[in-house]
2 protein chains.
Amino acid sequence: MSNSRSSGSEHERTYHHGDLRRAILAAALDVIAANGPAALSLRDLARRAGVSHAAPAHHFKDRTGLLTAVAAEGYALFADALAGAPDLRERGVAYVRFAATHPAHFQVMFQPDLYRADDPELLAAKARATEALRAGVADLPPGGRGEDDRLAGVAAWSLAHGFATLLLSGNLADATEGREPEAVFRSLTGLIFTPEYRRDG
Amino acid sequence: MSNSRSSGSEHERTYHHGDLRRAILAAALDVIAANGPAALSLRDLARRAGVSHAAPAHHFKDRTGLLTAVAAEGYALFADALAGAPDLRERGVAYVRFAATHPAHFQVMFQPDLYRADDPELLAAKARATEALRAGVADLPPGGRGEDDRLAGVAAWSLAHGFATLLLSGNLADATEGREPEAVFRSLTGLIFTPEYRRDG
DNA sequence: ATTCGATCTAGTCACTGGAAAGATTCGAGC
DNA sequence: GCTCGAATCTTTCCAGTGACTAGATCGAAT
């Protein structure tokens, strides 16, 4: 590692950036979070990182490759976030919190048009996340009821996902009104879930 | 109206298209439904309509203007679809059905980055849709309970919206498995809503 | 020290969105 | 029927972008 570029505020021009992949990814997340995936430009990211316009290609192949990397990283972080939650309700809260704290990742993850959905690394991370979700649903009903379990899982997923996407698209601005979105979602779950589907106090 | 262009299969070249605005909009919906909003190109749409690449600009100003028109039309159709439903549950079903039958509209509507959210026509249509949603939530609890009403409304909205977006992003493929998404959603609502929040049989 | 692979640069091409200026057609009013 | 203004469409042009290629530079292992 020749040059980490973290010592001075001015970019010290050297041939090798040091950690261009991370720098491009970080810049991409900024742009996406601010203006959406459509506003993302490889050349702009290269400029921000202080490298030539063709440099990112070596790390991500092309634009789709960059977004694939974003989605893969997103699913990995997502799986970790979900795994840390104790019960179903808190897993839903973690779902919403992830969307709120990682809006760029979340947006890209759920727009498969933007990336290569067959990427191996992405598939592995997504599988981990899916497993974390499924595990959350598995401890849901007292006894397995077959088809209803699956439906209940889809319902819980839909509830959390809908809240998260509405939040990111700005449609819950007046519903939350300054309150923490997670908190709103938490009280919301207490309202809609029937008692036998609750695990929390 | 000089030339409707609907008589023959071959485009009869005339200077005026006849209904270019509709033609461009229709082509745009096709492209978005097939490959997402990112794949949309004004020049491509112009080619499909058989006009010069600058022709669409007169009807939509720019790319953002076209997407604004898509969103506005979407909200108008959405309001109509929601207004036709008798009770809250069927309004949710209508929500999901709209997303399934108008995927392009739906996708654009809930990505405000793509269009001009302050467009007057769009705002009017969105207000109608919001009103239709609010009315659906209003007849929900037996007696008004203040803050809980609002939360329940957000919950119902989140449930329908989450199901719809997961459906469009391909995440419910194995959960529906050939069955009509609407039907799956309908049975899902019966499972998750507490009895006192139900109106249906 | 040399070599090899990884990283980055420079140059190029096709495509896109957008703006400007001109051509064609429509339709209202005479 | 004719003219004229407005709407619609074409042509031309420019800057920005993604992607490809060839070459320059660097790092590290041998």
Side-chain angles (χ1 to χ4, degrees), chain A residues 1-7 11-28 30-32 34-70 108 113-116 119, chain B residues 1-6 11-28 30-32 34-70 108 113-116:
Chain A
M1 196 175 304
S2 66
N3 168 25
S4 72
R5 268 206 189 180
S6 52
S7 46
H11 290 313
E12 309 139 21
R13 289 311 320 265
T14 61
Y15 201 92
H16 282 34
H17 179 281
D19 197 0
L20 183 57
R21 186 185 158 90
R22 266 254 71 78
I24 295 288
L25 264 177
D30 282 351
V31 172
I32 295 173
N35 300 24
L40 193 135
S41 151
L42 285 182
R43 289 172 113 98
D44 177 47
L45 300 181
R47 276 190 293 268
R48 292 178 187 227
V51 295
S52 94
H53 64 86
H58 186 267
H59 295 276
F60 302 103
K61 175 72 175 173
D62 53 15
R63 210 185 104 108
T64 303
L66 170 58
L67 288 167
T68 304
V70 170
V108 175
D113 305 322
L114 298 178
Y115 54 84
R116 273 180 277 271
D119 179 79
Chain B
M1 195 176 303
S2 66
N3 169 25
S4 72
R5 269 208 187 179
S6 52
H11 288 316
E12 308 141 21
R13 289 309 321 264
T14 61
Y15 201 93
H16 282 32
H17 179 281
D19 197 0
L20 183 57
R21 187 185 158 91
R22 267 255 71 79
I24 295 288
L25 263 177
D30 282 352
V31 172
I32 296 173
N35 301 60
L40 194 135
S41 152
L42 284 183
R43 289 173 112 98
D44 178 45
L45 299 181
R47 277 191 292 269
R48 292 179 186 229
V51 296
S52 93
H53 66 86
H58 186 267
H59 295 276
F60 302 103
K61 178 70 178 174
D62 54 14
R63 210 184 104 106
T64 303
L66 169 58
L67 288 168
T68 303
V70 169
V108 175
D113 304 323
L114 298 178
Y115 55 86
R116 275 181 275 272

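Quick caveat, the model's predicted, so the values are computed rather than measured. Below, read A as the first sequence line, B as the second, and so on, with proteins coming before strands; counting in each chain starts at 1.
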Query - Stepwise side-chain contact (heavy atoms from CB on, under 4.5 Å) test for Leu66(B) and Ile24(B) - result: CA-CA 9 Å; Leu66(B) 169 58; Ile24(B) 295 288; 4.2 Å; yes
Report summary line: Sorted by chain and number, sequence neighbours left out, side chain to side chain contact (heavy atoms under 4.5 Å, CB included) with Ala69(A) holds for Arg21(A), Leu25(A), Phe60(A)
Report task. For Ala54(A), check side chain to side chain contact (heavy atoms under 4.5 Å, CB included) against everything at least two apart and list the hits. Result -> Ser52(A)
Query raised in the report: What residues in residues 20-28 of chain B put a non-hydrogen atom under 4.0 Å from any atom of DNA chain D?
Result: Leu20(B)
Requested in this report: Could you tell me the separation between the NE2 atom of His53(A) and the CG atom of Leu45(A), rounded to the nearest 0.5 Å?
Outcome: 14.0 Å
Query - Per Ala55(B) side chain, nearest of listed nucleotides dA19(C), dC9(D), dA10(C) - result: dC9(D)
Report task. Taking only the side-chain nitrogens and oxygens of His58(A), find out if one of them lies under 4.0 Å from OP1 or OP2 of dC8(C). Result -> no
**Report entry** Stretch residues 59-70 of chain B: residues that reach within less than 4.0 Å of DNA chain D through a heavy atom
**Finding:** His59(B)
Report task. Start with the C-alpha distance between Leu40(B) and Asn35(B), add both sets of side-chain angles, then the distance that settles side-chain contact (heavy atoms from CB on, under 4.5 Å), and finish with yes or no. Result -> CA-CA 8 Å; Leu40(B) 194 135; Asn35(B) 301 60; over 6 Å; no
**Report entry** His53(A) NE2 - dT9(C) P separation (whole Å)
**Finding:** 9 Å
Query raised in the report: Taking C-beta and beyond as the side chain, do Val108(B) and Tyr115(B) meet within less than 4.5 Å on heavy atoms?
Result: yes
Query raised in the report: In chain order, what residues pass the side chain to side chain contact (heavy atoms under 4.5 Å, CB included) check against Ala46(A), with sequence neighbours excluded?
Result: Val51(A), Pro56(A)
**Report entry** Close residues, residues 38-46 of chain B, relative to DNA chain C [heavy-atom separation under 4.0 Å]
**Finding:** Leu40(B), Ser41(B), Leu42(B), Arg43(B)
Query - Test side chain to side chain donor-acceptor pair (under 3.5 Å) applied to Asp62(A) - qualifying residues, sequence neighbours left out - result: Arg116(A)
Requested in this report: Return the set of residues passing side chain to side chain contact (heavy atoms under 4.5 Å, CB included) with Asp44(A) (not counting sequence neighbours), or none when no residue passes.
Outcome: Val31(A), Ser41(A), Arg47(A), Arg48(A)
Report task. Kindly write out the residues that satisfy side chain to side chain donor-acceptor pair (under 3.5 Å) with Arg22(B), not counting sequence neighbours, or none if the list is empty. Result -> Glu73(B)
Query raised in the report: Can you tell me how far C1' of dA15(D) sits from CZ of Arg47(A), to the nearest Å?
Result: 11 Å
